[in-house]
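Working notes, structure below.
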Amino acid sequence: AETGPTMLNATVRGLAPFTAYSFVVEACTVAGCSTSSASTPVQTLEASPDLLSAPRLQALSSRSVNVSWQPPAKPNGLIVQYDLRRNESLVVTLPPNVTTFINIGLLPFMVYAYKVEASNSVGTARSSPSSVVTFQDKPDSVQAPQVQSMNSTAFSFFFPEPGQPNGVLTNYSLYIEGRFAASFGLVPGGSLTGFEPFSNYSFQLLVCTIIGCTLSTPTIAQTSEALAEVMFLPNLTALSSTEVIVRWSSPDEPNGIVRLYKVQRRLATSPGVIHDVATTGADTFTTVDNTVSPFTQYEYRVVVMNGAGESPSQWVGVRTLEAVPLGVVTPTITP
């Protein structure tokens with residue numbers, strides 16, 4: 001800086017922050033100039049840091065990232081701390097000698113943006129953000145399949161997407177009674193047949209990424225009722241000329257809940273005319289028909305009724321016992 005002959009001080013501008021400088025004074029006349037010895041060094045004050053580069057990021061696993069950075073190119077003072085932010089939220093505050101940090105507890109296959117803030121006693125420098133994607137992992141929060149009975153032998157399925165896919169899904173598989181049943185690829189549902197009527201089954205959903213698979217908890221579903229499979233033949237006994245007792249057993253395969261039994265009768269000579277003789281509850285297996293005529297050939301069957309409808313047994317014949325003749329005409333006597 002230059003001053004006039006009467007000025008004994010000067011202000012020097014454009015210096016760098018937090019930098020030591022020495023000054024000399026040069027005095028000049030027309031005869032020439034002479035220079036003083038150098039002054040004691042003096043240091044400029046601190047200023048806010050500047051030129052802080054974006055951090056370097058490296059995904060270490062599906063749940064951890066290594067973050068490292070360089071000090072500001074222009075610290076402009078003594079750096080007192082670093083603040084590391086992830087997605088604008090403060091993660092950690094570190095001392096000035098630490099320039100790396102492993103961030104754990106992250107979620108798989110997620111994009112995270114990090115930036116660093118360097119502070120001295122005057123202010124703070126903020127870097128631009130860097131982004132990283134954590135590695136994939138096997139899915140979490142896999143829900144059980146949604147199962148609907150289509151009929152007595154088939155189910156339809158819907159596969160909810162996992163609460164946390166943790167990557168790109170590659171396959172849905174269905175397990176029945178703990179055993180692999182079918183693979184559906186990326187189709188989130190379908191149907192299967194070949195089940196037994198009115199039966200409970202346990203279903204689990206296996207969902208996979210390229211890293212691994214997760215099996216859901218089981219869910220229980222039941223097929224619809226089907227017509228009962230009636231294999232028994234009713235047992236008939238003529239008790240008298242006007243009574244027949246009919247006995248039967250429960251169906252071999254009820255395929256549902258038996259609501260009632262219906263006993264039907266027809267004449268062997270008129271098979272097209274069928275009469276309902278009795279209706280009983282599901283726990284009754286006998287009835288007596290006292291509406292029959294003596295010494296007559298009848299046929300009986302038992303109809304099983306469940307939620308799917310009626311299933312009749314085969315017809316079985318019986319003849320009532322003989323009785324005293326009726327309607328005997330008084331004889332006509334001719335002398």
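In what follows, residues are counted from 1 in the order of the sequence shown. Worth knowing before you read on, the calculation uses all heavy atoms, side chains too, and leaves out hydrogens, waters and symmetry mates.
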Of the non-hydrogen atoms in [X] and [Y], which two are nearest, and what is the gap between them?
| X | Y | value |
| --- | --- | --- |
| R266 | V273 | CB-O, 3.3 Å |
| T223 | S152 | CB-O, 3.3 Å |
| T280 | T286 | CG2-O, 4.5 Å |
| A59 | V133 | CB-O, 3.6 Å |
| R259 | G307 | NH1-N, 3.1 Å |
| P165 | T209 | O-CG2, 3.6 Å |

Counting C-beta onward and ignoring hydrogens, is there a side-chain heavy-atom pair between [X] and [Y] closer than 4.5 Å?
| X | Y | result |
| --- | --- | --- |
| V207 | K138 | no |
| V80 | S121 | no |
| Q264 | V303 | yes |
| S313 | P234 | yes |
| Y112 | T134 | yes |
| V318 | V244 | yes |

Report summary line: Tested for side chain to side chain contact (heavy atoms under 4.5 Å, CB included) against P251, the lone hit among V258, N306, L227, V302 is V258
Report task. Name all residues meeting the ring pair (Phe, Tyr, Trp, His ring centres under 6.0 Å) criterion together with F184; count only those two or more places apart in sequence or in a different chain, and write none if there are none. Result ->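 Result, ring pair (Phe, Tyr, Trp, His ring centres under 6.0 Å) vs F184: F159.
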Query raised in the report: Hey, is D276 close enough to R301 for a salt bridge, meaning N to O under 4.0 Å?
Result: no
Query - Close aromatic pair by centroid cut-off 6.0 Å: F135 and F109 - result: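 No - the distance between ring centres of F135 and F109 does not fall below the 6.0 Å cut-off.
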Query raised in the report: Where do D50 and S48 land on the side chain to side chain donor-acceptor pair (under 3.5 Å) test, with the steps shown first?
Result: CA-CA 7 Å; D50 197 12; S48 295; over 6 Å; no
For [X] and [Y], does a side-chain donor sit closer than 3.5 Å to a side-chain acceptor?
| X | Y | result |
| --- | --- | --- |
| Y114 | N103 | yes |
| S89 | N87 | no |
| T124 | S119 | yes |
| N171 | S183 | yes |
| T296 | S293 | no |
| S64 | N66 | no |
| R247 | T287 | no |
| D83 | T93 | yes |

[atom1] ([X]) with more than 12 external heavy atoms under 6.0 Å:
| X | atom1 | result |
| --- | --- | --- |
| N200 | CG | yes |
| I104 | CD1 | no |
| Q148 | CD | no |

Query raised in the report: Can you list every pair that meets disulfide bond (SG atoms under 2.5 Å apart) and has a residue in residues 199-240, with sequence neighbours left out?
Result: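 For residues 199-240: C208-C213.
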Report task. Might you work through the ring-ring contact (aromatic ring centres under 6.0 Å, His included) test for Y261 and W248, ending with a clear yes or no? Result -> CA-CA 10 Å; Y261 296 100; W248 64 92; 5.7 Å; yes
Query raised in the report: Could you walk me through whether F157 and F203 pass the ring-ring contact (aromatic ring centres under 6.0 Å, His included) check?
Result: CA-CA 10 Å; F157 308 95; F203 299 93; 5.3 Å; yes
Query raised in the report: Excluding sequence neighbours, so at least two apart, what forms salt bridge (charged side-chain N to carboxylate O under 4.0 Å, His left out) with R319?
Result: none
Spatial distance of atom [atom1] ([X]) from atom [atom2] ([Y]) [nearest 0.5 Å]:
| X | Y | atom1 | atom2 | result |
| --- | --- | --- | --- | --- |
| L233 | W315 | CG | CH2 | 13.0 Å |
| E322 | S240 | CD | OG | 13.0 Å |
| N76 | N120 | CG | CG | 7.0 Å |

**Report entry** Co-membership, hydrophobic cluster, residues L205 and I176, 4.5 Å side-chain
**Finding:** yes
Report task. Check the pair K262 / E310 against salt bridge (Lys or Arg N to Asp or Glu O under 4.0 Å), numbers first and verdict last. Result -> CA-CA 9 Å; K262 184 165 58 176; E310 299 184 354; 3.2 Å; yes
